[in-house]
Amino acid sequence: MKKTAGIHHITAIVGHPQENVDFYAGILGLRLVKKTINFDDPGTYHLYFGDQGGKPGTIITFFPWVGAYQGKIGDGQVGVTSYVVPVGAMSFWEKRLERLGVSFNKETRFGETYLSFEDTHGLRLEIVEREEGNQNNTTFGDITPEVAIKGFGGATLFSAQPAKTAELLEEVMGLEKIGEEGDLIRFKSYADIGNVIDVKTTSSGKGQIGVGMVHHIAWRAEDDADQLEWQQFVGQNGYDVTPVKDRNYFNAIYFREHGEILFEIATDPPGFAHDESLETMGENLMLPPQYEQYRERLNDSLIPIKLRNFD
């Protein structure tokens, strides 16, 4: 049986790119590790945010479409994305969110306390303290490594067929079922971040694609060979899997599971420092070779964005 290490990245749809940068870099302190374009819609950014090194399990990516209609979070989607911070950092984040005008609630499940809030465009997020995960060695404004987001804590899946999604996670993706509470079933992978997945067993109504919703969740494959094994294994279990697609920073395969959530399996390598240095990641617009000839046109058409420090 195969086992994924957990979440590789999560990709969402948002509105104005500057508002997106302001929230995830300016407020949450994540690093803009890659500024590129949507390979399928090159007039649109594809922005990647993560820890200082841009490691799998820390990366959230965005397609910002100005003026696009608002989506509806519901069945067939990742309903909530969780971030993990060091133990003892929660009070810092409560004060920071309050100071920067981000409303939040506190809730408890499976013995953990979560700060629940939404980003500028309606994406549902959480912060939770855990010992697991390496410190994110970054400093941005008031955010220091002692309180910085380490990466994903996990996600809550809103499924149109929760029993089928739960079966997939356990029997195909190789996660371990570790508990049930209320209308949630909890699974865990063997990695130290991006490892805790909750499946909601009650309906949230049908989701609709648009701004403020997750487009897909990607799981980790060790390398190209491992990904090809996943492609075969998932197909043998009755899912229609795409051919391998080159996303420049990883290779990807996709399938829609029975609960209607779009899953991706992405390779850990080559990562984000192969076309620019680790020190300068995110500073320049990076294009795949097929779009390099359009650089001047794209620079003119894409909305300028900049990092802003709110401290």
Side-chain angles (χ1 to χ4, degrees), residues 7-28 30-50 58-83 102 116-126 152 154-160 194 197 200 204-219 242 245 247-250 252-257 259-266 272 282 285-286 288 291 298 301-305:
I7 299 172
H8 182 282
H9 68 268
I10 289 175
T11 294
I13 299 169
V14 291
H16 197 287
Q18 185 61 56
E19 295 172 347
N20 180 239
V21 172
D22 284 347
F23 194 89
Y24 287 87
I27 294 177
L28 296 187
L30 298 175
R31 182 180 182 182
L32 177 60
V33 298
K34 194 62 59 175
K35 181 168 61 173
T36 183
I37 57 170
N38 182 339
F39 293 178
D40 300 317
D41 179 16
T44 303
Y45 281 119
H46 194 174
L47 303 177
Y48 294 73
F49 299 85
T58 75
I59 300 294
I60 192 163
T61 95
F62 296 99
F63 302 135
W65 280 305
V66 177
Y69 59 83
Q70 194 72 25
K72 179 182 181 297
I73 298 173
D75 298 347
Q77 299 174 7
V78 174
V80 187
T81 300
S82 300
Y83 279 113
V102 180
S116 302
F117 55 100
E118 294 183 356
D119 77 359
T120 310
H121 299 119
L123 200 70
R124 296 181 190 174
L125 305 171
E126 296 176 326
F152 291 124
T156 302
L157 307 185
F158 290 5
S159 172
I197 305 296
K200 187 169 179 283
S204 300
K206 186 172 178 59
Q208 296 177 351
I209 194 165
V211 170
M213 55 150 287
V214 170
H215 185 269
H216 64 267
I217 181 170
W219 308 93
T242 68
K245 298 181 183 294
R247 299 308 191 193
N248 204 8
Y249 309 106
F250 47 85
I253 56 174
Y254 302 85
F255 66 99
R256 195 169 294 276
E257 54 88 43
E260 301 180 12
I261 304 166
L262 183 59
F263 277 13
E264 174 184 344
I265 299 177
F272 297 97
L285 178 66
M286 305 306 296
Y291 289 114
L298 289 168
S301 63
L302 291 167
I303 297 171
I305 56 175

Legend entry - Step-by-step side chain to side chain contact (heavy atoms under 4.5 Å, CB included) determination, Tyr24 to Leu47: CA-CA 11 Å; Tyr24 287 87; Leu47 303 177; over 6 Å; no
Legend entry - Evaluation steps, side chain to side chain contact (heavy atoms under 4.5 Å, CB included), between Tyr249 and Val33: CA-CA 11 Å; Tyr249 309 106; Val33 298; over 6 Å; no
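- The salt bridge (Lys or Arg N to Asp or Glu O under 4.0 Å) check on Arg247 picks up Asp40, with sequence neighbours excluded.
- For the pair Glu118 and Phe23, the tightest heavy-atom approach, listed with the atom from each and the gap, is O-CZ, 3.8 Å.
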Inset, instruction - Start with the C-alpha gap between Phe250 and Ile265, add the side-chain angles, then the distance that decides, and say whether side chain to side chain contact (heavy atoms under 4.5 Å, CB included) holds. - result: CA-CA 10 Å; Phe250 47 85; Ile265 299 177; over 6 Å; no
Legend entry - Intermediate values then yes/no, side chain to side chain contact (heavy atoms under 4.5 Å, CB included), Tyr83 and Leu30: CA-CA 11 Å; Tyr83 279 113; Leu30 298 175; 3.5 Å; yes
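- With sequence neighbours left out, the side-chain hydrogen bond (donor to acceptor under 3.5 Å, both in side chains) criterion links His121 to Glu19.
- By the 30° and 60° cut-offs, the orientation of the rings of Phe39 relative to Tyr291 is tilted.
- No donor-acceptor pair under 3.5 Å is formed between the side chain of Thr61 and the backbone N or O of Thr11.
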Inset, instruction - Tell me, with the steps shown, if His46 and Phe63 meet ring pair (Phe, Tyr, Trp, His ring centres under 6.0 Å). - result: CA-CA 5 Å; His46 194 174; Phe63 302 135; 4.4 Å; yes
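- The only member of Ile10, Val214, Val78, Val14 that meets side-chain contact (heavy atoms from CB on, under 4.5 Å) when paired with Leu123 is Val214.
- With contacts defined as side-chain heavy-atom distances shorter than 4.5 Å, the pair Thr120/Ile27 does not qualify.
- Residues forming a salt bridge (Lys or Arg N to Asp or Glu O under 4.0 Å) with Asp75 (at least two apart in sequence, or on another chain): none.
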Inset, instruction - Just do the ring pair (Phe, Tyr, Trp, His ring centres under 6.0 Å) check on Phe263 and Tyr254 with the steps written out, would you? - result: CA-CA 6 Å; Phe263 277 13; Tyr254 302 85; over 10 Å; no
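- Tyr45 places no side-chain N or O within donor-acceptor distance of the main-chain N or O of Lys35, the cut-off being under 3.5 Å.
- A donor atom on one side chain and an acceptor atom on the other are found under 3.5 Å apart for Glu264 and His9.
- Between the side chain of Glu126 and the backbone N or O of Ser116, no donor-acceptor pair lies under 3.5 Å.
- A donor-acceptor pair under 3.5 Å links the side-chain atoms of Gln77 to the main chain of Lys72, judged by distance alone.
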